[in-house]
Amino acid sequence: MSVWPAAADTETVLTCRSGCCVPVSGPLARHLITACTRLGDLVIDLDAADHHVISTALTMGCQAAATITDPVRARAIGRALAISHPEHDLEVADLRFTRPDTLLTGIRDLTGAAALVVLTYACPSRRNELAETADTAAQPAQLADTRGHAPLDLAGSAALLKPGGHLVVVTGLHRSEQNLTDPGPALIAETQRVGLLYLQHIVALRTPINGQQMEPPLTWGVSRAGAPIPGVPASARVHSDVFIFTKPRTEDAGVRGDHPMLGDQAWLEGEQA
């Protein structure tokens, strides 16, 4: 497990009602694109929450594509990109508006092309909100919450990757009813089932580090109504869990090699040195 500083000045979109789902910050996007891509690679942000992944990819010389499911958010992303990037950058930014239940349908032409696919695995309260506008019965190779709403299509996400590409899932402790659940074990098992290798679990700190102290802003972990969110410990609010998977280059490829993040002397979690 590694720890990456990923604090942002502001969080640009609302978290879920439970306070455990957050967008990918600009610093976290830079970490991911630095670790998982090379110049000219394609980066795809699935159901983009804001402009950070797209903008960082363009700035670092990558191609960028994104699916966006909310029209208000789509306009905000477009405005942010227009302000921060020259016109020739925007010409290669491939933004596609889609519905939550057809998230991958409109991006099938990019199958097998991406070096990095980024998606957020929301908690049940957020997935239930999306399910109100979409009939999304769970299918094989989809990871759903216990009530079967708004499944995460891991097989479809993995299909977007080229050999050696990386799937990154950003999540956190999920609140279901009054309980906290860790989505990590089920996520890892299902992603391995669709043919990806599990590389690493990154703890992305959302709080600034001052010496040896972490000082989260007083407003974090507090709902818009001003009441604390019950049942969610501080650790669920000050970091995101980032799970990184890779698509094997060949059927018989070994797990070691010149990996841009792990390096040639590293080993996968769970593998003995």
Side-chain angles (χ1 to χ4, degrees), residues 2 4 6 8 22-68 77 81 85 89 92-96 98 103-104 106-122 143 152-171 187-188 190-192 194-204 240-250 253 255 257-263 266 268-269:
S2 299
W4 287 350
V22 296
V24 176
S25 67
L28 177 55
R30 285 192 293 274
H31 280 300
L32 292 172
I33 294 170
T34 298
C36 299
T37 70
R38 293 180 171 87
L39 188 67
D41 278 343
L42 172 63
V43 176
I44 300 177
D45 190 5
L46 290 178
D47 197 7
D50 55 31
H51 68 288
H52 286 137
V53 172
I54 308 160
S55 179
T56 304
L58 295 173
T59 298
M60 297 180 69
C62 291
Q63 303 174 66
T67 57
I68 308 169
I77 290 173
L81 292 175
H85 288 272
D89 270 2
V92 297
D94 185 1
L95 308 183
R96 307 187 186 190
T98 185
L103 187 62
L104 296 173
I107 207 168
R108 285 178 180 167
D109 59 302
L110 298 180
T111 295
L116 174 62
V117 173
V118 179
L119 61 90
T120 299
Y121 184 27
L143 192 65
L152 192 65
D153 188 347
L154 295 173
S157 301
L160 295 170
L161 297 173
K162 66 181 182 179
H166 297 83
L167 172 65
V168 169
V169 183
V170 182
T171 186
L187 175 66
I188 292 169
E190 186 62 26
T191 307
Q192 289 176 325
V194 303
L196 299 185
L197 297 176
Y198 171 44
L199 288 182
Q200 201 165 8
H201 174 196
I202 307 291
V203 173
S240 295
D241 293 300
V242 180
F243 294 93
I244 304 181
F245 308 88
T246 191
K247 186 173 186 176
R249 293 184 183 277
T250 63
V255 296
D258 181 17
H259 188 276
M261 176 175 55
L262 299 179
L268 304 185
E269 288 190 4

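When a residue number appears, it is its place in the shown sequence, counting from 1. Just so it is clear, the model here is predicted, and its values are computed rather than measured.
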Return the set of residues passing side-chain contact (heavy atoms from CB on, under 4.5 Å) with [X] (not counting sequence neighbours), or none when no residue passes.
X: His31; value: Trp4, Pro5
X: Ala64; value: Ile54, Ala57, Leu58
X: Ala158; value: Val194, Leu196

Interatomic distance, [X] atom [atom1] to [Y] atom [atom2] [nearest 0.5 angstrom]:
X: Arg38; Y: Ile33; atom1: CZ; atom2: CD1; value: 14.5 Å
X: Phe243; Y: Leu199; atom1: CZ; atom2: CG; value: 13.0 Å
X: His52; Y: Leu32; atom1: NE2; atom2: CG; value: 13.0 Å
X: Leu197; Y: Arg249; atom1: CG; atom2: CZ; value: 11.5 Å
X: Thr191; Y: Leu154; atom1: OG1; atom2: CG; value: 4.5 Å

Walk me through it: do Leu116 and Val168 pass the test side-chain contact (heavy atoms from CB on, under 4.5 Å)?
CA-CA 7 Å; Leu116 174 62; Val168 169; 3.6 Å; yes

Taking side-chain hydrogen bond (donor to acceptor under 3.5 Å, both in side chains) as the test, write out the residues that go with Asp89, two or more places apart.
His85

Just so I know, are the side chains of [X] and [Y] near enough to count as touching, which here means a heavy-atom distance under 4.5 Å?
X: Gln63; Y: Leu42; result: yes
X: Ile107; Y: Thr98; result: no
X: Leu95; Y: Leu81; result: yes
X: Lys247; Y: Leu167; result: no
X: Ile244; Y: His166; result: yes

Check [X] against [Y] and note the closest heavy-atom contact, atom names and distance.
X: Thr111; Y: Ala159; answer: CG2-O, 3.3 Å
X: Pro248; Y: Gly195; answer: CD-O, 3.3 Å
X: Leu119; Y: Ser157; answer: CD2-OG, 3.3 Å
X: Ala204; Y: Val242; answer: CB-CG2, 3.9 Å

Verify side-chain contact (heavy atoms from CB on, under 4.5 Å) between Val118 and Val24, making sure each step is shown before the conclusion.
CA-CA 9 Å; Val118 179; Val24 176; 4.1 Å; yes

Give every residue pair that meets the salt bridge (Lys or Arg N to Asp or Glu O under 4.0 Å) criterion with at least one member in residues 108-119, sequence neighbours excluded.
Arg96-Asp109

Could you walk me through whether Asp45 and Ile68 satisfy the side-chain contact (heavy atoms from CB on, under 4.5 Å) test, starting with their C-alpha distance in whole Å, then the side-chain angles of each, then the deciding distance to 0.1 Å, before giving a yes or no?
CA-CA 9 Å; Asp45 190 5; Ile68 308 169; over 6 Å; no

Determine whether a donor-acceptor pair (N or O, by modelled atom type, separation under 3.5 Å) exists between the side chain of Thr246 and the backbone of Gly165.
yes

Assess whether side-chain contact (heavy atoms from CB on, under 4.5 Å) is satisfied between Ile44 and Leu46, documenting all intermediate values.
CA-CA 6 Å; Ile44 300 177; Leu46 290 178; 3.9 Å; yes

For the residue pair Tyr198 and Phe245, categorise the inter-ring angle as parallel (less than 30°), tilted (30 to 60°) or perpendicular (more than 60°).
tilted

Holding to salt bridge (Lys or Arg N to Asp or Glu O under 4.0 Å), I want the full list of residues that pass it with Asp41, two or more places apart in sequence or in another chain.
Lys162

